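Chain identifiers are assigned alphabetically (A, B, ...) following the order of the sequence lines, protein sequences preceding nucleic acid strands; residue numbering begins at 1 within each chain. Everything quoted here is computed from the prediction, not taken from an experiment.
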Protein chains: 2
Amino acid sequence: MTPDTFHLSSFLPYRLAVLSERVSRRLSVEYGRTHGLVVAEWRVLVHLLRCGAVSVRDIHNCVNLEKPRVSRAVSRLEAEGLVQKTQGEGDGRLVAISLTDAGYRALADIIPAAKQIERHLVKAVSPEDLATFFRVMDHIHTVLDDDPEAKPRTAMDLRPAPATPA
Amino acid sequence: MTPDTFHLSSFLPYRLAVLSERVSRRLSVEYGRTHGLVVAEWRVLVHLLRCGAVSVRDIHNCVNLEKPRVSRAVSRLEAEGLVQKTQGEGDGRLVAISLTDAGYRALADIIPAAKQIERHLVKAVSPEDLATFFRVMDHIHTVLDDDPEAKPRTAMDLRPAPATPA
DNA sequence: CCAAACTCGTTGCAAATGAAATGATATTGA
DNA sequence: TCAATATCATTTCATTTGCAACGAGTTTGG
């Protein structure tokens, strides 16, 4: 009955956690050193580039950050002058958050470097293997989608860019 | 020069982070509900099962947890009666941490469930695709190993169980 | 032999985190 | 109309986190 054999180093959740943390940290070195950002701020900026003026709730729903974390990230970014908050037009509760010119410039600086790091990580991986890699990741998400004990996926993560368009 | 197109949802570091967090959380539901453990405690227990009486430093080096986190996890586990600390024989600084019978029983309970969850996640993935998946993960690690900006891998994570033994 | 340098585990502390509460605004339904 | 309910962003609060400092023990080199 005693489970004599169980290797953390071949256990999928552990492996994912270790790799993810290492990759995230490597990336954060980049935008941390160059612009003093942390991961939450980076995600907010990137989301704003894509979606323009949006609410805290929208960011929360799209980039996998808890609401308070988004709120605080936005505050810091506003203090740094990278985003601006304007009172929502119709709904008085909503806050419209958008990039400032400085925010754009920061992204224009960081994004190429981020892409470069990503490219470097998988440079030597064949397109087929990379497609398989992403497909397996997505499959795991799909399994979790049917698991009532798992946290639901955010809407945005449901439809990642297709690796192999049919 | 403006990077018009950058999708977080297809960005490798982000995808890894989201999946990893979701998988970790699903797993922690298991050992959290059944034994009140958090991830650090789970990792410590599993490592002890494999390596017997070891030091805080050794755990730190093997399961990707900062030293203070290991120290605190061990304290909690000791308070719960799942591990015991004995003064190191030769070196007075070292503490020999080992599982108690209750610790063994807890693992005997959790590990099958953990394996079950892992199996469930990749049940429908072909062995070849799964091997590719792990191979790509390991390749990314290898790239980071050569990157001076990246945090070094722990010794234990260097040699994961081979997916396809030759 | 012993002082300097190192290693071990723990603790202090400041920052980050997330669940829940709060205050403000919108929407609903009677 | 207007109370009851829901939603939004923020704040509160207790906990967790990691870096750095620390005290204790060990090794090294003169």
Nearest whole Å is fine: how far is [N] [atom2] from [X] [atom1]?
{"X": "A:E66", "N": "D:dT10", "atom1": "CD", "atom2": "P", "result": "15 Å"}
{"X": "A:N64", "N": "C:dG18", "atom1": "CG", "atom2": "P", "result": "10 Å"}
{"X": "B:I59", "N": "C:dG9", "atom1": "CD1", "atom2": "P", "result": "9 Å"}
{"X": "A:L65", "N": "C:dA16", "atom1": "CG", "atom2": "C1'", "result": "13 Å"}
{"X": "B:L77", "N": "C:dG9", "atom1": "CG", "atom2": "C1'", "result": "16 Å"}
{"X": "A:D91", "N": "D:dT7", "atom1": "CG", "atom2": "P", "result": "12 Å"}
{"X": "B:R57", "N": "C:dT10", "atom1": "CZ", "atom2": "C1'", "result": "13 Å"}
{"X": "B:K67", "N": "D:dC22", "atom1": "NZ", "atom2": "P", "result": "15 Å"}

### Query
What is the distance from atom CG of A:L107 to atom CG of A:L37, rounded to the nearest 0.5 Å?
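The CG atom of A:L37 is 8.5 Å from CG of A:L107, to the nearest 0.5 Å.
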### Query
Atom CD of B:E118 and atom CZ of A:R15: how far apart are they, to the nearest 0.5 Å?
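Atom-to-atom, B:E118:CD and A:R15:CZ are 10.0 Å apart.
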### Proximal nucleotide (of C:dG9, D:dC8, D:dG25) relative to the A:L94 side chain
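Closest nucleotide among those given: D:dC8.
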### Query
How would you list all residue pairs meeting salt bridge (Lys or Arg N to Asp or Glu O under 4.0 Å) that involve residues 54-71 of chain B, not counting sequence neighbours?
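Pairs touching residues 54-71 of chain B that pass the test: B:E66-B:K151.
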### Message
So B:R69, base contact, sugar-phosphate only, or nothing? Heavy-atom distance under 4.0 Å.
### Response
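Answer is sugar-phosphate: B:R69 comes under 4.0 Å of backbone atoms only.
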### Query
Within the structure shown, what part of the strands sits under 4.0 Å from A:S75 by heavy-atom distance: base, sugar-phosphate, or nothing?
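Nothing, no nucleic acid heavy atom in range.
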### Message
Is it true that, when you exclude B:E78 itself, more than 12 heavy atoms of the residues, nucleotides or ligands shown sit nearer than 6.0 Å to its CD?
### Response
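Above 12, so yes.
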### Query
On DNA chain C, nearest-nucleotide positions of B:S55 versus A:V39: which is more 5'?
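With B:S55 and A:V39 compared, the 5'-side residue is B:S55.
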### Message
Does a side-chain N or O of A:K85 approach OP1 or OP2 of D:dC8 to a distance below 4.0 Å, or not?
### Response
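No, because none of the side-chain N or O atoms of A:K85 sits under 4.0 Å from OP1 or OP2 of D:dC8.
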### Task
Determine: side-chain N/O of B:S71 to OP1/OP2 of C:dT10, distance under 4.0 Å, yes or no.
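Yes.
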### Query
Can you find a side-chain donor-acceptor pair between B:R72 and B:S75 that sits under 3.5 Å?
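B:S75 and B:R72 do not have a side-chain donor-acceptor pair below 3.5 Å.
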### Task
Could you pick out which residue, A:R93 or B:G90, lies toward the 5' side of DNA chain D when each is mapped onto its nearest nucleotide?
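Counting from the 5' end, the first nearest nucleotide belongs to A:R93.
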### Query
Less than 3.5 Å between a donor and an acceptor, one on the side chain of A:R72 and one on the base of C:dG18, is that the case here?
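Answer yes: a donor N or O sits under 3.5 Å from an acceptor.
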